[in-house]
Amino acid sequence: LVTLTAMLNAYAQNGHLDEAKFVFDSMKERNLISWNVMLTAFADSGFLQAAKDLYHCMPEHDLITWTAMLVAFASDGQVEQAKRVFDQMDERDLVAWNAMLCAYADNGHLEECKRLFDSMKERNIVSWTVMVTAYSEFGYIRDARILFDRMKEWSLVTWNAMLSAYAQNGQVLEAKKLFDKMDERDAVTWTALMVVYAQNGHLKDAKLLFDRMEHWNLITCNVLLSAYTDSGHIDSARELLESMLERDVVSYNSMLCAYARHGHLEDAWRILELMPEWNLITWSALFSAYAQRGYLEEAMKMLYNM
RNA sequence: CCAUGCAUAUCGCAGC
């Protein structure tokens, strides 16, 4: 049972929902954990209704079930529902409180978020980090920093969150200063710094950083890729894309968008045909490129074919 | 010491 559940979870984590479902359905016995894993898998893939259905089929619920549902509602934008789940829970631990904090923060309810945070009798690093992120996402970088400085202990995620706050606000110097103070760094750290360089016209520095980095992954490459496309270095972008070990829809979208913007519509289509999957961004990138160049008919034809 | 729930990085358009 433990092994199967672990497998189920592995599938779920990697986005293989169908396989996860298959494993779940073929399990002869299940415990609360297996049910919870399946519920989370549905929720993470955006199938809120499936998650709700499963919830009602489950023989029992626990704190984890409730929290998972809370998060599912929140990521669907249903804060009210999330709050209802929260209120109806028999017991709440810190994770549940933090999840509710996030629910408010991610859905634009900064006031509620602050109120909840202030009412918490117990807080941990995650609670504080959620608040740092919340403030920064509403543009209150100073307040985010004040909170950051008031913390008694920090995790790498906390540091990264503060760094991203500066990055998202284009505060290159502050970002670099914070980066230099960090004694532990991971791929997120490096990528965040690269973003601030790339988005403020320091392409050279971004590339330099990329070459000096200690951790890379797909996202890192995507950041450099869009640094190239944003600055019009299409050839460098293409070279990078071709040399990448793995690519995802984001990588292709950046490239496609660059081609489309520069009027290389055939190249854009070539990318489109290369892509294993498309999303909304893919189509709107193509569509707006057509529309902005006055090819309304082409654009409309595309809409039909989607 | 790890089978399940909470925080951090990347792509388009429009809005604020």
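Note on naming: letters A, B, ... go to the chains in the order of the sequence lines (proteins, then strands), and numbering restarts at 1 for each one.
For A:Val71, counting side-chain heavy atoms from C-beta on, the closest listed nucleotide (B:G5, B:C11, B:A9) is B:G5. Nearest to the side-chain atoms of A:Val126 among the listed nucleotides B:A3, B:A9, B:C6 stands B:C6. Distance from the side chain of A:Gln168 is smallest for B:U10 among the nucleotides B:U10, B:A3, B:U4. Among the nucleotides B:U4, B:A9, B:C11, the one closest to any side-chain atom of A:Thr40 is B:U4.
Checked against side-chain hydrogen bond (donor to acceptor under 3.5 Å, both in side chains), A:Arg123 has no partners two or more places apart in sequence or in another chain.
Contacts of A:Asp62 with the nucleic acid, taken as non-hydrogen atoms under 4.0 Å apart, are absent. Within the 4.0 angstrom heavy-atom criterion, base atoms lie near A:Leu63. A:Glu137 comes within 4.0 angstrom of no nucleic acid atom, judged by non-hydrogen atoms across all strands. Among the heavy atoms of the strands lying under 4.0 Å from A:Asp93 is at least one base atom, whether or not backbone atoms are also near. Within the nucleic acid shown, A:Asp186 has no heavy atom closer than 4.0 Å to any nucleic acid atom. Residue-level contact check: A:Val95 touches the bases, meaning some heavy atom is under 4.0 Å from a base atom.
Closest non-hydrogen pair, A:Ala20 versus A:Leu8, comes out as O-CD1, 3.0 Å.
Taking the charged nitrogens against the carboxylate oxygens, A:Lys114 and A:Glu111 do have a contact shorter than 4.0 Å, which makes a salt bridge. Looking at A:Lys177 and A:Asp180, no side-chain N of the basic residue comes within less than 4.0 Å of a carboxylate O on the acidic one, giving no salt bridge. Taking a cutoff of 4.0 Å between a charged side-chain nitrogen and a carboxylate oxygen, A:Arg84 and A:Asp87 do not qualify as a salt bridge.
Between the side chain of A:Ser155 and the base of B:A7, a donor-acceptor pair under 3.5 Å is found.
The aromatic rings of A:Tyr11 and A:His16 sit perpendicular to each other, their planes meeting at more than 60°, with 30° as the lower class boundary.
For A:Arg238 and B:C11, the CZ to C1' distance is 19 Å, given to the nearest whole Å.
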Below 3.5 Å is the cut-off: list the nitrogen or oxygen pairs between protein and nucleotides 13-16 of chain B, distance only.
unit_1 : atom_1 : unit_2   : atom_2 : d
B:C13  : OP1    : A:Arg261 : NH1    : 3.0

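Screening residues 247-271 of chain A for ring pair (Phe, Tyr, Trp, His ring centres under 6.0 Å), with sequence neighbours left out, gives no hits.
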